[in-house]
Each structure stands twice: as C-alpha cells, then as structure tokens.
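Notes to accompany the following structure.
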Amino acid sequence: MAVPEAVRGAPDWLPPGARAFDLVERTFLEHARLAGYERVRVPVLEHTELFARGVGASTDVVQKEMYTFVDQGGRSLTLRPEGTAGVVRAALQAGVPRSGGLPVKYAYAGEFFRHERPQAGRQRQFTQVGVEALGSDDPVLDAEVVLVGWEALRAAGVDDLVLRLNNLGDREDRAEYHAVLNAYLDRFDDLPPDVAGRRHLNPLRAFDSKAPGMRAIMADAPLLGDHIGPEAARHHAAVVELLRDQGLPLTHDPRLVRGLDYYTRTTFEYQVGALGAQNAVGGGGRYDGLAEELGWPERFPGVGWALGVDRTVLALRAAGAAAPTDARVAVYVVVADRGLVADAFAVATQLRRAGVATDLAFDGRSVRAQFKAADRSGASHAVVVGPDEAARGAVTVRDLRSGAQREIARDDAATALAAGS
RNA sequence: GUGACCGUAGCUCAGUCAGGCUAGAGCGCCGCGUUGUGGUCGCGGAGGUCGCGGGUUCGAACCCCGUCGGUCACCCCA
C-alpha cells in the first residue's frame, strides 16, 4: 500500500532544516518585540468576504489563488492568503480604534495559503512573520516598520539585501490618477488581455505587464508620482529622510505597485539577489483606507510588513550560510549493563528535572553503539551507568570533546552537569 | 493556470542515446574488530515496486502514452 504523501506545495520541515526555520522565525519575532510589537494570534480561517473586500477584488490573490470552501453551515470560508486583513479585522472587532493607547503594535507568525504553481521559494502553504502598527498616520511609524524589518532580516543573516520603496499616494490621488491613466490607455485598442482585463479595477497593474509592446506603451504613460497630493508627498519625504538618517540604503522604485489593493502612500519590498525569480523576502506598506473598506465608519490608518520565513531560509542557504549546528541535547546517558536500564532512566529523569537536556539509548544496543549515538546527538557529556559505579552509588561522566572522564556520586551528577561541567 | 527539463538505495548520482546476464558507486546506516567507551581506520552486512498506471516487444530502468511528483521560468508575491 502506498504511503500517503504531503499535499502538493505543503512542505515538511524536519531536522536539521527545521532548525534554520525556527531560528529565522524567532529572530523576526524577537526584532518585532524589541520595537514593542506584541504577539497576536488570529484565525487561519476567515470569511471569504474579508479578503474579497480587504485585499481587493482585482488582485490575483483574490481572483485565483485562494483556498475557499463552503462549510457545513453553508458559509464561504477561506484559508488566509495574507495576514493584514485578519489582524485589522480582529482589531476592529475588539473596538481597538476607540479604546485608546494608539497606535497599537502587533506581531504575528503563522501559516498562509495561496493556490499557485509551486516553485523555488513559492509554496502553497508558507510561513510569514508580520507586524502591523494600527491607529497612527505618523511617518515615524512607517520608518520604524521598515527599519525593524530590515534589521530583522539582517539579524537572520541575509546579506545582499535591497530595499525598494515607493509612494502610492492617498486613495483620492489614486482615483484621480486611475482616471488619467485609463484615459491614456484608451488611446490603444490592442492592449494585451492581462491589461485589458484588469485596467478598470486597477490600471496600475499595467506597469507590471511584460506583454510585448506594453513596455513601450508604458514608457510614455502618465506617472503616479505626478499626481500625488501635497500631504502624501510630504509624508513620503519624511519617511525617506528618517530612513536615510538611519543609514538605510533605499532604492526608489516608481514601478513597485504590489498586488494588494489596500496599500496607500508607503509601499516597500525587501529583495535578495541570490534568490532567483522569487526574490522578495518581505514587503509591506501603509493601508490607511483598509478599515473603511471593511466597513469601519472612520478612518483607521495602519502600516506593516510580512517577511517570508521559508524564503528567508532559502536565501540563507543560497548564500551558503552554514545551517545552525546546535546540539540536540547536552548529555547522553549510556547504560553499560542491560540490567541497569531503570537506573539509567532514573538518571536521565534527574538530569532533565535539573534543566539539563538529556537523551539516552533505546533498544538495548551495545555500549559502542550508544557512544556513537551520544556523539551524533551533539551532547557535550556522556554519563555512564554501569555495575561498577552502581556498586558505589556513582556514575561516570565523560567529556565527549576531550575524552576526559571522572566518577562522581550519582546524586551530584545533575548539579554538576547543570553547572556546565 | 502556461511552458521546458527531470523522477534509479536514506542522500548525491552512474546506467537510458544503440532494449538482453543476479541494477551499480560514493556517502550514510547496522554489526564486528573490547571482557563497559564515540569521533579515525579495517572487515562484514542490510537496504531498490528503477515515481505510478498502461502500451510496444520474445524481453523494458531504458522506447511510446497517460498520470502523479520535483525543478526552473512565465504569472504572482512571502
């Protein structure tokens, strides 16, 4: 009978690869925490409507990439394809905009789902860490968010990192610009299908098209930058200045649009050179209109990013970074005589209770085999439980690096090893 | 969703082009070299539905079709 296989695009992470994964995720969360972003947990399942309204009906994510199903109560539910909509929804539901203490700063980590063709760095189930700062317009917050993401990626070990930044303006700016851009596009009657199909929902995406001839058409197209209102322009200038002050090497990218409709003003993306086609390890931006889009009666601005854990691990690998080599346990208990298995088990328990990560051999293997296992476990010390020692109420502690060993009283073993020797 | 390439031991791969003996290698794994001592070395051993299904053939890992999976690119984005 064939063994069941994982669902396509749903990756398994087993040791040792899982160590790098775990380390990256912890590094991201820790950097968020250092800036005051507190962990929240929101559902993987949401009503489909949340993403349709929040992420935007024109986006590829909503149009063709969502895992959507009807549950037994006849409701249309979706496995979250991104994190912002759910976090904002949770904040609105809890009345955060009216409860004071703004901005609130949230961090999250978890699994996301998009039905795309898998390739390097792109899985159907993937892991992101994200932050969202809600309830403030302050450009300092944009700069903080961008900087925290940058430093988190650097701390995780990503080197050739590029920060691309753009200003999408306010929603009114974009409405005006959409009209101008569409008027321009009207002058061409042979637009490629991808552009023709979505230009009225979001003509900005025309800049993304790589269809033949489109590049030439867009070269003369009116630019969003010329239709940004004074406030959004001032806001963006402030963000740029704050980031420059902190020494961030940023690249202005007027073509950076990003495929989620909720972005306003600041958008940015972190890119890695060594990663091939899927080179964005993270991205985000400001989404001042999202809350209203979701039906909240007042303006409730926000800014945030998401960093891809899987993709960051790949980037580190591609750059030749060594995998973390943490020892699985600190101590390995060896039984010299099968009759003493219960004693060895007791010693292991004693060590674990003292906070010393301990493993022991199973299946009654030879002492030689047990030492090989001890070696492989990465333990710094082996504790030998044998008849000679047992007669004296002692165990032998062997330093696996130097080979030096000594006998100590069994009751002192936990204390001695907990102290690091 | 589209295209190209790929799928042989746990891993990395040879063998496929010219179909034909028991399908190989390196690494890893297990055991032994000690009567209680690992990392080196030596000896021995286990392990393969050649992704899966069908077809062609006297005969298929090898040729053909399908399918599943992988990789890369498009697309999109983390």
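Nothing here was measured: the structure is a model prediction, and the numbers come from that model. Labels below follow one simple rule: chain letters A, B, ... track the order of the sequence lines, proteins then strands, and each chain is numbered from 1.
For A/R89, the salt bridge (charged side-chain N to carboxylate O under 4.0 Å, His left out) partners are A/E46, not counting sequence neighbours. In this structure A/F188 satisfies the ring pair (Phe, Tyr, Trp, His ring centres under 6.0 Å) test together with A/Y184, sequence neighbours excluded. Under the salt bridge (charged side-chain N to carboxylate O under 4.0 Å, His left out) criterion, A/R53 pairs with A/E49, not counting sequence neighbours. Contacts of A/F21 classified as ring pair (Phe, Tyr, Trp, His ring centres under 6.0 Å), with partners at least two apart in sequence or in another chain: A/W13. Listed by chain and number, the residues in a salt bridge (charged side-chain N to carboxylate O under 4.0 Å, His left out) with A/D160 amount to none (sequence neighbours excluded). For A/R39, the side-chain contact (heavy atoms from CB on, under 4.5 Å) partners two or more places apart in sequence, or in a different chain, are A/L29, A/R41, A/A109. Under the salt bridge (charged side-chain N to carboxylate O under 4.0 Å, His left out) criterion, A/E293 pairs with A/R171, not counting sequence neighbours.
If you check every strand for non-hydrogen atoms under 4.0 Å, A/R124 touches nothing. Contacts of A/Q271 with the nucleic acid, taken as non-hydrogen atoms under 4.0 Å apart, are absent. Counting non-hydrogen atoms under 4.0 angstrom, A/Q370 reaches nothing in the nucleic acid. Within the 4.0 angstrom heavy-atom criterion, only backbone atoms of the sugar-phosphate kind lie near A/S366; the bases stay farther away.
The base-pairing partner of B/G44, taking Watson-Crick or G-U wobble contacts with both distances under 3.5 Å, is B/C30.
Sorted by first and then second residue, the ring-ring contact (aromatic ring centres under 6.0 Å, His included) pairs with a member in residues 114-168 of chain A read A/Y67-A/H115; sequence neighbours excluded. Among pairs with a residue in residues 347-372 of chain A, those fulfilling side chain to side chain donor-acceptor pair (under 3.5 Å) read A/R328-A/D359, at least two apart in sequence or across chains.
Within residues 114-122 of chain A, the residues having any heavy atom under 4.0 Å from RNA chain B are, by residue number, A/R114, A/E116, A/R117, A/Q119, A/A120, A/G121, A/R122. Within residues 79-87 of chain A, no residue approaches RNA chain B, by heavy-atom distance under 4.0 Å.
A donor N or O paired with an acceptor N or O is not found under 3.5 Å between the base of B/G39 and the side-chain atoms of A/R376. For A/R338 and B/G36, a side-chain-to-base donor-acceptor distance below 3.5 Å is absent, hydrogens and geometry of angles not being considered.
The aromatic rings of A/Y177 and A/H227 lie tilted to each other, with the angle between the two planes from 30° to 60°.
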Pairs: protein N or O with nucleotides 10-12 of chain B N or O, under 3.5 Å:
none

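Nucleotide B/C76 holds its P atom 18 Å from the CD atom of A/Q128, rounded to whole Å.
Taking 4.0 angstrom as the limit, A/R398 places none of its side-chain polar atoms (N or O) nearer than this to OP1 or OP2 of B/G36.
For A/Q278, taking side-chain heavy atoms from C-beta onward, the closest of the listed nucleotides B/G36, B/C77, B/G39 is B/C77.
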